[in-house]
Amino acid sequence: MKRETVPSWLEILLATQFFATCANHLLASRNECNLFCTQCEAKPAAFCNYCRSSDHSTHRVIQIRRSSYHDVVRVSEIQNILDISDVQTYVINSARVVFLNERPQPCASSVPICKAPLSSTHSCETCSRALLDVFRFCSLGCNLRGLNMEMSTPAMVENSPQSSGKDHVTRIYDVGSSTTSDKDSCNDKNNEEPPPKRVARHRRKGIPQRAPFF
């Protein structure tokens with residue numbers, strides 16, 4: 001997925017809570033809100049099958065399913081409208097799916113990010129979850145977060161204190177070099193040797209003579 005190809009409805013999809021009871025069909029059976037429209041982006045974003053028949057009959061609708069209390073969508077329903085080539089896919093109930101959002105990992109409270117186990121050679125670039133195959137992200141949410149991080153990285157590098165420190169050192173080096181060159185040029189102009197210093201010599205007094213004794 002590239003940033004310029006991210007549809008506007010993706011962020012709405014990832015932020016939507018599914019499988020709540022539809023307020024418009026409280027007494028109907030199978031009234032769970034597990035459908036999402038990728039065209040109208042109308043609220044509520046999640047709706048039931050009865051709402052689909054009345055309000056979204058001609059729209060492109062995808063169904064959200066659950067796996068271990070986490071929302072997934074079938075690859076066959078989303079691959080034609082969204083690039084998921086970087087997201088790990090899983091086979092659940094004989095259907096290939098992708099997870100919508102990052103799943104919590106069983107980590108110690110002192111460790112903020114879980115690292116991939118040693119037996120795994122691939123991990124999610126956003127949350128470090130171990131991956132089964134050669135993919136970059138474990139979910140659509142991690143894919144979107146990774147794109148946002150890539151967009152903000154160049155600006156952070158340009159404004160980093162390390163880059164400004166390098167510029168400061170370069171300026172100091174340039175100033176020092178110019179000062180040294182000025183000294184060299186002055187020495188070239190003053191090639192004459194300075195006159196030798198005069199050494200003050202003191203005359204020694206003669207040998208003192210004593211007066212004769214009578």
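For the single chain, residues carry numbers from 1 onward in sequence order. All values below come from the heavy atoms of this structure, side chains included, with hydrogens, waters and symmetry mates left out.
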S.K.: Quick check for you: to the nearest 0.5 Å, what is the distance between Glu41 atom CD and Glu11 atom CD?
M.R.: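 Spacing of CD (Glu41) from CD (Glu11) equals 10.5 Å.
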
S.K.: Of the non-hydrogen atoms in Asn143 and Val87, which two are nearest, and what is the gap between them?
M.R.: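 Smallest heavy-atom distance, with atoms named: ND2-CG2, 3.5 Å.
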
S.K.: Can you tell me how far apart NE2 (His25) and CG (Asn49) are? Round to the nearest 0.5 Å.
M.R.: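 It comes to 9.5 Å.
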
S.K.: At what distance, to the nearest 0.5 angstrom, does CZ of Arg129 lie from CZ of Phe99?
M.R.: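 CZ of Phe99 is found 8.0 Å from CZ of Arg129.
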
S.K.: With sequence neighbours excluded, tell me which residues meet side-chain hydrogen bond (donor to acceptor under 3.5 Å, both in side chains) with Thr38.
M.R.: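 By the side-chain hydrogen bond (donor to acceptor under 3.5 Å, both in side chains) rule, Thr38 matches no residue at all.
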
S.K.: Can you give me the closest heavy-atom contact between Asp133 and Gln88, atom names plus distance?
M.R.: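 Scanning both residues completely, I find the closest heavy atoms to be N-OE1, 3.0 Å.
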
S.K.: What are the two closest heavy atoms between Asn31 and Leu26, and how far apart are they?
M.R.: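 Heavy atoms only, the tightest pair is ND2-O, 3.3 Å.
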
S.K.: What residues form a ring-ring contact (aromatic ring centres under 6.0 Å, His included) with His70, not counting sequence neighbours?
M.R.: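 Not a single residue meets the ring-ring contact (aromatic ring centres under 6.0 Å, His included) criterion with His70.
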
S.K.: Considering all heavy atoms of both residues, which atom of Leu131 and which atom of Tyr90 are nearest to each other, and what is their separation?
M.R.: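 Heavy atoms of Leu131 and Tyr90 come nearest at CD2-OH, 4.4 Å.
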
S.K.: Between Ile78 and Leu140, is any pair of side-chain heavy atoms under 4.5 Å apart?
M.R.: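 With C-beta onward as the side chain, the pair touches.
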
S.K.: So, using salt bridge (Lys or Arg N to Asp or Glu O under 4.0 Å) as the criterion, who are the partners of Arg65 when residues are at least two apart?
M.R.: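 Checked Arg65 against salt bridge (Lys or Arg N to Asp or Glu O under 4.0 Å); matches are Glu77.
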
S.K.: How does the hydrophobic cluster around Leu35 look, that is, which other residues are in it when side-chain heavy atoms under 4.5 Å mark a link?
M.R.: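 Same cluster as Leu35: Phe47, Val61.
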
S.K.: Verify, without hydrogens or angle tests, whether Asn101 (side chain) and Leu14 (backbone) share a donor-acceptor contact under 3.5 angstrom.
M.R.: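 Pair found, side chain donor or acceptor close to backbone of Leu14.
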
S.K.: Find the distance between CZ (Arg74) and OG1 (Thr89) and round it off to the nearest 0.5 Å.
M.R.: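 Between atom CZ of Arg74 and atom OG1 of Thr89 there are 14.0 Å.
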
S.K.: As an exercise, state the distance from CD1 of Ile64 to CZ of Phe18, rounded to the nearest 0.5 Å.
M.R.: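 Separation between the atoms: 4.5 Å.
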
S.K.: Can you tell me how far apart CZ (Phe36) and CG (Asp71) are? Round to the nearest 0.5 Å.
M.R.: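 With rounding to 0.5 Å, CZ (Phe36) is 12.0 Å from CG (Asp71).
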
S.K.: Identify the heavy atoms of Ser85 and Asp83 that sit nearest to each other, and give their distance.
M.R.: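 Smallest heavy-atom distance, with atoms named: OG-OD1, 2.9 Å.
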
S.K.: Check Arg30 against Tyr50 and note the closest heavy-atom contact, atom names and distance.
M.R.: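 In this case the closest contact between Arg30 and Tyr50 is O-CE1, 3.9 Å.
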
S.K.: Going through the distances and angles, do Ile81 and Ile62 end up as a side-chain contact (heavy atoms from CB on, under 4.5 Å)?
M.R.: CA-CA 10 Å; Ile81 56 177; Ile62 58 176; 4.2 Å; yes

S.K.: Please name all residues satisfying side-chain contact (heavy atoms from CB on, under 4.5 Å) with Cys142, sequence neighbours left out, ordered by chain then number.
M.R.: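 Per chain and number, Cys142 pairs via side-chain contact (heavy atoms from CB on, under 4.5 Å) with Glu102, Cys124, Thr126, Cys127, Phe137, Cys138, Ser139.
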
S.K.: By salt bridge (Lys or Arg N to Asp or Glu O under 4.0 Å), which residues pair with Glu125, not counting sequence neighbours?
M.R.: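 Once residues adjacent in sequence are excluded, the partners of Glu125 under the salt bridge (Lys or Arg N to Asp or Glu O under 4.0 Å) criterion are Arg136.
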
S.K.: Is a donor on one side and an acceptor on the other found under 3.5 Å between the side chain of Ser54 and the backbone of Cys51?
M.R.: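 At least one qualifying donor-acceptor pair exists.
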
